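These notes concern the structure reproduced below.
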Amino acid sequence: MSEHASHHDDPWSHVPPPSPWPVLFTGSLCVAVFGTLANMFESGFFWNNDSLVMFVGIFLSLFTLMGWGHQIIKEKAISHDLDQQQSDLKLFTLMFFVSEALAFGTIFGYYYIRAFATVGFVRPDDIHLGGWPVAVATILLITSSLTCEFAHKAVEHGRKSQARLLLLLTITLGFIFLYAQGKEYGELIIQGFWPGNYEAVEYNAFSSLFYISTGFHGVHVATGLLMLILVWLRMELGHFTQKRHFSVVAASWYWHFVDVVWVLLFISIYVMVK
Amino acid sequence: MSTETPIEAAPMPPIKRHTGIMDILTTVDHKKIGMMYFWTALIMGLIGGGMAGAIRFQLATPGAVIENLQAVVAGTKTSEQVWALFSTAEGEKFNMMTTMHASIMIFAVIIPAFAAFANYVVPIMIGARDMAFPKLNAFAFWLLIPAIILMSGSFFVEGGAASSGWTAYPPLSLQGAGVNPGQDMWILAVHFGGMSSILGAINFIVTIANMRCKGMTWGKLPLLAWAVFITSIIQLMGTPVLGAAVTMLLFDRNFGTGFLDASRGGDPSLYQHIFWFYSHPAVYIMILPGFGALSHILASFSSKRIFGYFAMVAAIAAIAVLGFMVWAHHMFTIGMPTWMNAYFMVASYGIGVPTGIKIFSWLATLWGGKIRFTTPMLFAIGAVSLFVLGGFGGLILATVPSDVQLHDTYFVVGHFHYTLVGGSVMIIFASTYFWWPKMTGRFLNETAGKICAAFMYFGILLAFGTMHYTGALGMARRVGFYREEFTHLNHITTLGYTLSAIGAVILFVSIVVSLFKKKNATSNDPWEINDIQQSFEWAIPSPPPPYNFETVPPIPVVDQMPKGH
């Protein structure tokens with residue numbers, strides 16, 4: 001905005017140095033995806049080392065992403081225009097949530113149209129979805145959203161030991177949620193409720209939707225946990241001050257977002273049965 | 001934490017810059033990234049244009065359709081034998097060509113070409129040193145490269161490239177699942193391209209919202225920046241939906257899910273709804289930045305300010321909003337309820353209103369102006385006229401009864417090529433001629449440029465105008481064979497293709513030649529337009545220095561709508 005004029009008055013503001021990380025990260029993603037593709041088709045394209053290429057690609061992707069993050073942390077720590085940065089990053093995060101919301105929205109749209117407006121989307125009668133473990137996991141996830149918010153507030157007020165405690169509690173609750181979800185998956189698969197199971201072909205569309213929606217959400221929980229763990233590590237390293245702690249804000253917003261999506265998923269898939 | 005020492009606050013050290021190939025790999029400068037987008041689009045444009053050539057080559061002769069059909073009637077051939085002709089060899093290769101021609105032109109030419117100009121010009125226009133997230137900007141560019149590798153590489157795998165059309169409708173796109181990786185490579189390419197789109201879009205939104213210089217209020221924002229801002233919102237909201245749709249396809253093909261495969265309880269028609277929910281807004285992604293650029297070019301060479309600035313901005317926004325509400329006019333023939341057909345028909349007409357506002361504002365900009373017929377101006381005027389013709393075809397296709405007749409014929413192909421080639425590509429050519437002196441300090445040859453404009457304009461008119469007739473007479477698209485009576489019309493289309501191909505080659509040669517000339521656009525304002533236009537990019541040297549501005553931008557920001565309008 002016009003009030004953020006600081007970056008023009010300061011001769012050293014917003015003069016970004018070159019970075020090798022974007023191209024290296026893209027290259028690593030390339031290796032990972034090509035390896036996965038070759039692996040999927042058992043093509044032996046990479047001299048019969050397709051799995052190796054895939055894992056090397058995934059490792060390199062994570063490594064280059066960390067390198068990129070490291071450069072950003074270094075740069076941000078020494079830059080001058082704090083207000084401009086915070087406002088840029090906040091808008092970035094919000095816009096990112098818009099795109100995430102649209103991706104989840106497509107899945108919800110598919111579910112509601114199939115479940116309430118078309119035929120051939122059969123819910124299995126003999127397989128019990130949900131139950132008390134899922135209900136407890138849901139309550140724990142909502143609780144973790146609260147603890148995460150309090151951790152954020154604690155960082156804002158400079159209460160480090162309280163922030164550490166709440167952050168670790170959030171992370172633990174997140175892991176319990178993932179465990180509960182994995183356990184439910186396991187039980188359902190034992191009962192034959194999974195998309196590739198052609199004996200249950202009439203349930204295929206529903207089970208596909210069930211696994212992609214909860215699975216896509218689970219990936220987001222895992223990502224959120226990774227962010228929270230990184231935030232915790234950076235907090236231990238003393239990176240945050242009362243004014244400069246955007247990672248905490250972003251991780252906490254992300255965690256709330258994941259929580260809201262889960263509540264909607266829970267209501268749609270477990271509660272609102274036609 | 002406040003008690004702990006933060007990391008030392010020190011002044012930013014002088015920037016170390018690499019040279020040569022390392023500079024290209026590590027740069028985060030929006031101008032260099034813009035040029036990288038431009039070269040990618042140019043090279044992929046030649047490849048995609050070559051694929052169009054392959055399509056025209058196949059359509060140079062009708063194929064033996066009539067004889068074969070007569071043979072079936074006479075009983076000398078079975079229908080299976082004739083079907084084999086369509087589905088093997090030439091037929092299949094033809095389908096790969098149309099699929100990849102479309103995919104490459106959309107994801108690797110038109111979108112990156114506009115990204116090139118947006119990247120280069122918009123940060124300067126709003127008085128910023130760079131994009132808000134320069135590394136992310138570089139990343140968005142680099143993500144295009146795997147997309148291009150996957151698309152081009154898919155020709156060389158077993159079963160060849162994807163051949164189900166750029167729309168990839170199931171069940172056609174489910175064929176060869178688990179055996180032929182071509183379609184899966186296409187899906188992953190769309191993922192890479194989509195990621196690039198989303199990240200680029202977020203970057204533009206943040207840049208334009210937060211990085212504007214002192215005095216650059218929303219009401220003074222140049223139209224290109226407005227167009228890029230609104231386009232970015234469309235990209236941000238549309239692309240994840242496409243990502244979800246093709247992911248469902250990927251899972252159905254490889255992991256046994258049943259989202260879209262009717263034999264496993266899926267709903268193929270829902271794919272079309274999801275796909276077009278993205279892909280109709282996507283056609284505005286491919287034209288709205290062009291509308292912004294067109295406004296600058298027409299105003300510049302009419303020696304006037306743009307007419308109806310606020311109406312122009314409102315029209316772009318209205319097109320973006322309406323764009324999300326009309327998707328099903330692509331699928332009137334799949335058996336939707338009548339009320340839905342009626343709604344989508346009327347809503348699609350609605351798009352004509354804001355588009356009309358834009359067209360008439362451009363005409364009013366020309367009205368009474370001191371017009372200079374430079375090359376960019378010729379391209380811009382050509383683009384307006386061809387886009388209007390494309391729009392008329394759009395009205396006919398938005399009407400349900402006529403669409404049912406014309407669906408999947410060459411009329412549709414002619415219509416969207418009028419808007420995409422006559423509109424977007426002509427504007428890309430105009431923008432290239434317009435901003436090339438700023439980007440490189442060198443003019444492109446004006447005489448060659450005017451010849452190029454003539455070849456492009458008449459080539460497009462001939463090729464795609466004729467397609468409307470061919471389609472109205474009943475020639476089906478996406479089939480490499482046709483009835484013999486369409487031969488002459490197809491020859492005219494091929495002639496039109498040849499003319500516009502010559503035009504494209506002239507542009508390419510001009511660009512290459514200009515690189516070997518010494519710099520001849522030495523002033524800040526080589527077109528001598530900035531007394532009236534008052535835009536930042538014409539107030540700094542050509543090409544602009546690193547980080548664009550030393551301190552605050554050097555000229556005051558003026559109102560877009562001066563007194564008297």
Side-chain angles (χ1 to χ4, degrees), chain A residues 1-2 4-5 7-9 11-12 14-23 25-26 29-30 33 37 40-41 68 77-79 84 87-88 91-92 95-96 98-100 102-103 106-107 110 113-114 118 120-122 155 158 160 195-196 201-202 204-205 208-209 212 238-242 244, chain B residues 1-2 4-12 15-18 25-28 129-130 132-135 138-139 142-143 145-146 181 184-185 188 198 202 205-206 209-210 212-217 236-237 240-241 243-245 251 254-259 264-267 270 274 547 551-552:
Chain A
M1 318 270 142
S2 43
H4 295 300
H7 70 287
H8 288 288
D9 302 334
W12 285 119
H14 210 64
V15 279
S19 167
W21 297 111
V23 68
F25 183 45
T26 313
L29 279 181
C30 240
V33 167
L37 200 63
M40 254 160 52
F41 286 89
W68 187 340
I78 56 170
S79 84
Q84 172 82 37
S87 124
D88 286 356
L91 188 56
F92 173 89
M95 290 297 121
F96 180 72
V98 170
S99 90
E100 289 271 47
L102 263 295
T106 313
I107 295 172
Y110 182 95
I113 291 168
R114 285 312 304 279
T118 61
F121 192 72
V122 189
V155 172
K160 186 175 172 182
V201 68
E202 68 270 30
N204 204 329
S208 304
L209 193 275
I212 206 170
H239 281 191
F240 303 131
T241 64
Q242 274 171 273
R244 195 187 285 265
Chain B
M1 259 148 297
S2 56
E4 299 217 7
T5 338
I7 295 174
E8 269 307 310
M12 185 79 82
I15 307 299
K16 224 170 59 197
R17 291 162 146 265
H18 303 279
L25 291 176
T26 62
T27 187
V28 294
R129 285 217 171 103
D130 207 316
F133 303 106
K135 284 190 269 301
F139 184 48
W142 288 113
L143 279 174
I145 304 297
D184 303 290
M185 290 171 83
L188 291 169
I198 292 174
I202 296 180
I205 291 173
V206 177
N210 275 4
R212 283 171 288 123
C213 68
K214 230 181 232 171
M216 178 68 77
T217 58
L236 179 72
M237 294 180 65
V241 179
F251 277 47
N254 296 299
F255 306 119
T257 57
F259 292 109
R264 277 182 261 147
D267 187 342
L270 200 52
I274 302 173
Y547 306 117
T551 49
V552 281

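From a predicted model like this one, the values you see are computed outputs, not experimental measurements.
Looking at W68(A), the atoms closer than 4.5 Å to chain B (heavy atoms on both sides) all sit in the side chain, from C-beta outward. Heavy-atom distances place both the backbone and the side chain of L91(A) under 4.5 Å from chain B. Both the backbone and the side chain of L209(A) come within contact range of chain B, judged by heavy atoms closer than 4.5 Å. Proximity to chain A involves both the backbone and the side chain of P146(B), based on heavy atoms less than 4.5 angstrom apart. Looking at N254(B), only its side chain comes within 4.5 Å of chain A, counting heavy atoms on both sides. The contact between F92(A) and chain B is made by backbone and side chain atoms together, counting heavy-atom distances below 4.5 Å.
For G258(B) against N204(A), the heavy-atom pair with the smallest separation is N-OD1, 3.4 Å. Residues A103(A) and P240(B) share a closest heavy-atom pair of N-CB, 3.8 Å. Taking both residues in full, the closest heavy atoms of V98(A) and M237(B) are given as CG1-CG, 4.1 Å, listed atom of the first, atom of the second, then distance. Smallest separation of non-hydrogen atoms from R114(A) and F259(B): NH1-O, 4.1 Å. Taking each heavy atom of A132(B) and D88(A) in turn, the nearest pair found is CB-OD2, 4.0 Å. Contact detail for V28(B) and S19(A): the closest heavy-atom pair is CG1-N, 4.1 Å.
With sequence neighbours excluded, the residues forming a side-chain contact (heavy atoms from CB on, under 4.5 Å) with T106(A) are V241(B), A244(B), I274(B), listed by chain and number. Scanning for side chain to side chain donor-acceptor pair (under 3.5 Å) contacts around T26(B) gives an empty result, with sequence neighbours left out.
The choice from W142(B), F251(B), F255(B) that makes the most heavy-atom pairs within less than 4.5 Å of chain A is W142(B). Counting heavy-atom pairs closer than 4.5 Å to chain A, the top residue among G265(B), A245(B), A138(B) is G265(B).
Between L188(B) and L37(A), some side-chain heavy-atom pair lies under the 4.5 Å cut-off. L143(B) places a side-chain heavy atom less than 4.5 Å from the side chain of L29(A).
Atoms CG and OG1, from L270(B) and T118(A) in turn, are 7.0 Å apart once rounded to the nearest 0.5 Å. Y110(A) OH to D267(B) CG: the interatomic distance, rounded to the nearest 0.5 Å, is 6.0 Å.
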